[in-house]
Amino acid sequence: MSAFYDEVQEIKAQYPDWRSATLPALRLAQEKHGYLSPDALRECAEALGTTPAFCESVASFYDMYHLRPVGRHLVEVCTNVSCALVGAQQVLEGFERELGIRAGETTGDGEVTLRTIECLGGCGWATIVAIDNKYRTHVMPDGVQAIVEGLRNGD
Amino acid sequence: MNTAELVSLTLDGEAVQVPKGTGLVEAALAAGIEIPVFCYEPRLGPPVGACRMCLCEVQPGPPKPQAACTLTAQDGMIVKTALTSEVARVAQNATLEFILVNHPLDCPVCDKGGECPLQDLTFRYGPGNTRMTFPKRTFDKPIPISPLIALDRERCILCYRCTRFSEIVAEDNQLIARNRGSQSQIATFEDEPYRAHFTGNVIELCPVGALTSTQYRFEGRPWEIQNVPTVCGMCPVGCNIDATTREGKVKRILSRNHHEVDQGWLCDKGRFAFTHLRADDRLTDPLLRVRRRGLEEVSWERAIDEAERLLREAEGRIVTALSGSETVEEAYALARLLRRGLGSHNAVLPEEVSDALDAFRLPLSAIADADVVAVLGDAPVVERAPIVELWIKEARRRGARVLYELDEDEVRNAERATLIWCGPDGQGGARVGELAQRLGASGAFYLPETANGRGVCDAWAVAADDEAARPDPIGLLLVSGDEAAKNPAVRAFAEQAERVIVIAMFQELAGGWADLVLPGTSYLERDGTFVNLEGRIQRLRRTVIPPVPDELAWIAKLAERFGVEISPYPSAVFAEVSEIAFGGMPFGEVGEFASLPSATGEPTTPEIEPLPRAATKTGLRLVRYRPLFSGPAVERVPELQFQRPAAEVELAEDDAHARGIRNGDDVTVRSNGTSVTLRARLTRELRTGVVRIADEHAAELQPSVEITT
Amino acid sequence: MATEVREIVMADAGERDLTKLAEYEAIGGYQALQKARGMTPAAIIDELNASELRGRGGAFFPTWRKWSFVPKPDQNPNPHYLVVNADESEPGSFKDNEIMARVPHRFLEGCLITAHAVDSQNVFIYIRGEYTGPYEVLVGALEELHARADLRGDVTIVLHRGAGAYICGEETALLESLEGKRGQPRTKPPFPAVQGLYASPTVVNNVETMATVPPIITMGGAEYAQLGVPYSRGTRLVSLSGHVANGGNYEIENGVSLRDLIYDLGGGVPGGRQLKAVIPGGSSTSILRYDEIDVGYDFNSLLKLDTAMGSAGVIVLDDRCCMVQLGIRVNEFYEHESCGKCTPCREGTRWMTQILRRLEAGDAEQHELDLLLDVCDRINEKCLCPLGETAAITVASYVEKFREEFQTHIDEGGCPFGDSSPLHDVLAPVAQHTHQGWCQTPSLRGTAR
Ligand SMILES: Cc1cc2nc3c(=O)[nH]c(=O)nc-3n(C[C@H](O)[C@H](O)[C@H](O)COP(=O)(O)O)c2cc1C
Ligand code: SF4
Ligand code: FES
């Protein structure tokens with residue numbers, strides 16, 4: 001409880017209805033716990049004054065909430081049409097090779113989760129890869145290795 | 001009724017007039033036209049238009065089929081259903097085809113088969129074959145949503161009726177939709193059971209066989225069963241129910257929507273506790289105490305002889321303890337026997353009745369129309385009269401202010417204020433009647449603790465009118481019913497009584513103290529009437545033959561031996577009671593959906609004690625309450641045990657904050673040297689200074705407590 | 001018409017760092033706001049009417065009309081809300097991204113003017129969760145604005161971040177999401193203007209719409225309406241992507257030729273390849289063949305070809321693209337983004353994917369192509385919101401425009417493009433976005449990867 005609880009109360013105060021704080025609270029809880037574990041959802045529910053089931057119902061609707069553990073880093077490759085047309089698939093395969101995992105998996109050391117994602121809104125600068133929610137534009141298959149090395153070196 | 005503005009519209013070529021604002025589905029129904037629906041259910045709040053079963057051609061409007069369930073009748077509207085519109089026909093057919101692409105079509109092994117809207121609508125509007133050649137979605141099945149409810153996800157059509165019930169009606173937010181799109185599914189959090197007071201309603205709401213009752217699964221086909229209309233005898237609301245019977249056994253309880261009483265909802269006790277009829281320790285033979293050998297089974301003839309002997313030996317020094325679960329007729333018969341026959345007027349009654357409320361009599365449904373609802377008395381409404389809680393919630397959704405601390409001005413200034421007393425009995429009725437009169441409330445309700453407390457008291461009162469003096473010593477204590485048998489006060493009387501007769505359903509309640517035990521019956525096995533908390537007289541029907549003789553029958557027989565003439569037929573006994581108490585209303589008029597007698601009498605100003613104070617001098621005032629999920633019947637239903645109250649203490653937000661307590665903290669509740677550790681639950685539904693704990697978790701705590709983390 | 005950029009929304013953003021309040025004020029920023037505050041709401045709405053501005057979010061609804069639907073305080077005493085739709089998730093569109101990142105103050109100025117016009121003190125900007133870059137820019141801009149009571153007035157602006165769901169771009173789903181619920185669309189009526197956020201009167205407008213408001217107030221509505229062509233006035237930020245040499249956003253006058261847009265501004269199809277098709281307004285719009293691009297890029301002209309400007313995301317496809325694969329990729333997007341509320345969208349899009357996969361694998365029989373079109377037909381016009389219908393219409397348009405290619409898949413028992421199509425075996429996120437391992441879905445993947 002405590003800091004998280006108080007922060008949620010502050011967010012609630014910004015809206016006429018406490019429910020509007022649900023998405024921000026879930027984001028906070030995810031940042032705190034790494035993913036929305038059952039305990040994270042329970043904590044969220046207590047702070048919001050609702051049930052964990054309600055929190056899970058909302059969280060599971062949105063792609064950015066993780067209800068399963070994810071790696072410390074998240075690599076998301078856009079494979080929607082515009083990116084796919086210019087080689088997103090090859091970029092993805094590059095990540096799969098470099099990381100030694102398939103899309104949707106996390107490396108054995110728990111460092112990196114790789115997944116595909118729908119259009120990120122950068123289609124003219126394809127391929128878009130979001131590394132921990134920061135966009136890299138114009139990613140080419142031959143640029144993947146450097147990105148992965150960067151991740152491994154912690155920058 | 002005529003004040004409503006009428007609008008004229010055309011439905012499948014027919015001119016129809018309905019009040020403005022009528023939903024199209026209802027408007028069509030009034031004209032004898034079906035608009036098929038799945039997700040539409042007006043009791044679940046505004047229409048959601050999700051399933052698309054109701055698509056019709058509607059003018060004016062966009063040039064494509066419209067979800068009729070989301071529209072209300074407007075002047076000049078032209079509506080074409082599948083009957084007259086090819087567009088609507090194709091649209092409805094398409095919806096059914098889409099619903100069925102992933103439906104398992106396992107009707108032969110589905111409990112819903114034969115009473116399933118999906119089957120019926122497919123029969124009338126659906127495609128006759130399938131063009132889906134791909135493997136269907138499959139799931140593990142059935143998934144236990146709780147010990148009471150099984151979920152078969154393959155059958156679910158995602159109409160969201162169940163989740164809307166949980167969110168909007170019961171407001172428990174426990175049954176939810178998870179994921180998105182074609183991955184959506186109905187679920188509870190983690191592996192936690194759906195644990196709340198009204199969960200069973202989702203079974204009835206589900207238009208397919210996705211949510212089924214674990215008690216009823218594979219127990220019968222629709223053509224093998226009978227539904228007997230009766231009323232629930234588990235609490236003072238008296239919800240209207242159908243008891244589904246098969247081969248002489250009750251198999252399930254369904255709601256029988258009385259729109260003024262229950263709106264078609266049932267609590268889980270009313271729905272699921274019926275299996276106590278078949279409890280292992282159900283008594284079928286009378287038991288007689290035989291010196292040194294303890295209780296021994298005897299024949300019913302012998303038992304009646306013994307009862308007669310015990311009654312005579314007591315020489316009028318008799319105290320009768322009533323449960324409030326007897327029918328009016330049974331209570332009257334007992335009263336006649338004891339009061340007229342034996343001159344024993346002394347009774348422990350389940351309630352103290354007051355006619356101060358009669359002037360404020362309203363149907364429960366009126367609560368929803370109030371603009372201020374004041375809930376007084378500090379006990380939790382949902383535990384005592386569950387459906388009343390749903391009416392209060394509906395009132396709040398419609399914009400009413402719900403007060404848990406009396407604000408007299410707010411009540412006075414309201415156009416329609418309703419007072420609800422849910423607290424210590426005794427003067428509850430009088431007190432709330434007095435308040436209603438003084439503050440000008442439009443309705444007042446008193447929530448008794450027992451199902452037919454009102455009826456039993458009325459019956460006892462009208463049987464004779466002699467003053468009672470408590471005999472000392474007590475020659476005989478006659479205990480009628482399981483609630484009385486469980487009552488500690490009654491148990492205390494037994495200590496002083498020379499002899500004890502107990503009428504009870506279960507072995508456990510008979511042992512130890514009784515000299516003669518007469519096996520009793522359940523409300524599902526009796527004919528007669530109950531008076532609910534509104535003052536509505538409702539008809540109980542025998543749904544199955546009990547394994548023991550009917551109380552009324554043997555009481556009548558026993559009474560004869562004391563020269564008191566009582567009919568063994570409820571109709572005749574009712575006529576006698578009605579003559580004095582119910583304005584001579586004939587038995588036949590009680591009806592399938594009983595109406596509420598209109599308010600009577602002038603508002604009176606009864607003598608009353610002031611409302612109990614919130615905080616005591618030294619600390620918080622503890623209110624102990626009898627939880628809904630407790631008592632002899634519930635204890636005998638294994639599937640209901642998970643519903644027993646959590647080890648919690650409820651406290652008002654102010655009190656919690658003052659002590660640095662947060663929702664979910666473990667706290668210590670202390671009084672006079674005893675203490676218990678419980679989880680704190682913060683609530684807005686409690687006065688400052690009052691805390692609440694269920695009886696079974698309150699241990700030896702005294703009325704004044706302190707709480708620390 | 002000339003195919004040059006005509007910067008109104010993006011004006012001066014090339015030369016200056018307009019994310020800074022001082023820079024923006026140096027070019028006359030926030031003067032439109034001051035001017036608007038001197039006008040009555042009715043006068044502002046009149047100005048918008050004169051400008052003929054239509055919403056840039058996709059539905060192309062006249063902005064002034066939407067504003068004028070908001071009930072007067074005596075008709076509805078609830079507070080009024082302005083909700084800005086910054087959820088931009090339409091595949092092919094990324095204009096709002098750049099507007100927020102580069103001209104945040106023009107955008108915010110538009111919000112403040114609109115708030116004044118619709119008598120609102122509460123603005124909520126619902127920005128898609130993935131847009132961390134623009135989010136941070138807006139946070140900075142709002143901080144600057146916060147220190148300036150003269151500009152801010154009595155208006156509170158709250159930035160509300162989405163969490164990854166395309167459907168939350170649909171206005172009623174957006175409101176549900178903003179209220180903290182699952183983003184499932186509501187039935188209309190009631191429309192948001194009457195009963196929107198917290199059941200109160202609410203105006204929902206797109207980011208670009210907002211950013212167009214200040215220039216309109218500055219130059220006057222009539223002047224703005226000089227730009228563009230009848231019915232489609234002013235400028236539009238067009239997002240170019242796919243097989244085009246210079247992908248990016250270009251602000252142009254409505255009505256320029258689509259061909260010129262692709263070849264002049266976009267630099268044409270790279271790698272010496274041939275143009276095969278163009279998706280003109282984001283993935284939700286029907287496809288055009290290579291021989292249909294001599295058309296004005298405006299509402300009416302595109303409507304004549306049964307397609308639309310949508311959110312102005314132009315996706316260019318070269319001759320290597322397999323149209324069946326395109327159908328799969330686009331449809332799986334809609335399947336994945338379907339909110340699951342209404343039956344035809346939820347079940348229909350999934351079924352479409354199954355049929356398309358079979359076509360692609362070469363396993364489909366002739367009647368299955370008809371079945372596909374019939375399923376599309378049965379989705380179209382039956383849904384609660386446009387999402388599912390969009391999937392049906394666009395996929396049907398691929399079949400209609402490239403029927404022979406679909407036929408070849410059946411006749412030859414497989415894909416004529418083999419591995420050469422860039423869309424070959426693209427991994428859609430369907431399986432990975434499922435939060436629970438719950439359902440034994442039979443594998444939909446045609447070929448093993
Ligand atoms: C499925 C769907 C997705 C949409 N996504 C967006 C979006 O991302 N951004 C947007 O501005 N409008 C989107 N819209 C349109 C909005 O519903 C709405 O029309 C628009 O925000 C109104 O703003 P405008 O009048 O300024 O264009 C979407 C509509 C649908 C049906
Ligand atoms: S379980 Fe039944 S009531 Fe619930 S969504 Fe599915 S079909 Fe509807
Ligand atoms: S009944 Fe109308 S959409 Fe479900």
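Below, chain A is the first sequence line, B the second, and so on; all start at residue 1. Quantities reported herein were computed from a predicted structural model and do not represent experimental measurements.
- Per-residue heavy-atom pair counts under 4.5 Å with chain A were compared for C:Arg161, C:Glu98, C:Glu90, C:His243, and the maximum is reached by C:Arg161.
- C:Arg128 and A:Cys119 get closest at one heavy-atom pair: NH2-O, 2.9 Å.
- For the residue pair A:Gln14 and C:Val158, the shortest heavy atom distance occurs at OE1-CG1, 3.8 Å.
- Atom NZ of A:Lys134 is separated from atom CD of C:Glu136 by 4.5 Å, given to the nearest 0.5 angstrom.
- Closest approach of A:Tyr62 to C:Ser177, counting heavy atoms only: OH-OG, 2.8 Å.
- When C:Cys168, C:Cys321, C:Gly183, C:Gly247 are compared by the number of non-hydrogen pairs under 4.5 Å with chain A, C:Gly183 comes out ahead.
- Here the CH2 atom belonging to A:Trp125 is positioned 5.0 Å from the CG atom belonging to C:Asn97, to the nearest 0.5 angstrom.
- From A:Ile117, atom CD1 reaches atom CD of C:Glu130 across 5.5 Å, with rounding to the nearest 0.5 Å.
- Annotation: A:His138, atom NE2; neighbour count of heavy atoms from other residues, nucleotides and ligands within 6.0 Å is above 12.
- Closest approach of A:Leu23 to C:Gly162, counting heavy atoms only: CD2-CA, 4.4 Å.
- Per-residue heavy-atom pair counts under 4.5 Å with chain A were compared for C:Ser89, C:Pro79, C:Gly242, and the maximum is reached by C:Gly242.
- If you measure heavy-atom distances from C:Asn249 to chain A, the contacts under 4.5 Å come from the side chain alone.
- In this structure, the portion of C:Val316 lying under 4.5 Å from any heavy atom of chain A is its backbone and not its side chain.
- Among the candidates C:Ser239, C:Ser93, C:Ser241, the single residue satisfying the side chain to side chain donor-acceptor pair (under 3.5 Å) test with A:Ser82 is C:Ser241.
- Of the two parts of C:Tyr135, neither the backbone nor the side chain holds a non-hydrogen atom closer than 4.5 Å to a non-hydrogen atom of chain A.
- The greatest number of non-hydrogen atom pairs below 4.5 Å with chain A, out of C:Gly266, C:Ala165, C:Gly92, is found for C:Gly92.
- We find the OH-CG distance between C:Tyr166 and A:Asn80 to be 10.0 Å, quoted to the nearest 0.5 Å.
- A perpendicular orientation is assigned to the rings of C:His160 and A:Tyr15, their planes being inclined by more than 60° (bins at 30° and 60°).
- With respect to chain A, the highest number of heavy-atom pairs below 4.5 Å among C:Gly133, C:Pro270, C:Cys339 belongs to C:Cys339.
- The structure places CG of A:Asp17 at 10.5 Å from CG of C:Leu178, a figure rounded to the nearest 0.5 Å.
- To the nearest 0.5 Å, the span separating CD on A:Gln89 from CG on C:Asp419 amounts to 11.0 Å.
- Taking all atoms of both residues into account, the shortest heavy-atom contact from A:Leu120 to C:Tyr131 is O-CE2, 3.3 Å.
- Of all the heavy atoms in A:Arg19 and C:Lys181, the pair that sits closest is CD-CE, 4.2 Å.
- Chosen from C:Ser421, C:Gly180, C:Ser283, the residue pairing most often with chain A at heavy-atom distances under 4.5 Å is C:Gly180.
- By number of non-hydrogen pairs under 4.5 angstrom with chain C, the leading residue of A:Ser57, A:Ala126, A:Ala130, A:Gly122 is A:Ser57.
- Looking at C:Leu197, neither its backbone nor its side chain comes within 4.5 Å of chain A, counting heavy atoms on both sides.
- The contact between A:Ala84 and chain C is made by backbone and side chain atoms together, counting heavy-atom distances below 4.5 Å.
- Only the backbone of C:Leu240 comes within less than 4.5 Å of a heavy atom in chain A; its side chain stays farther off.
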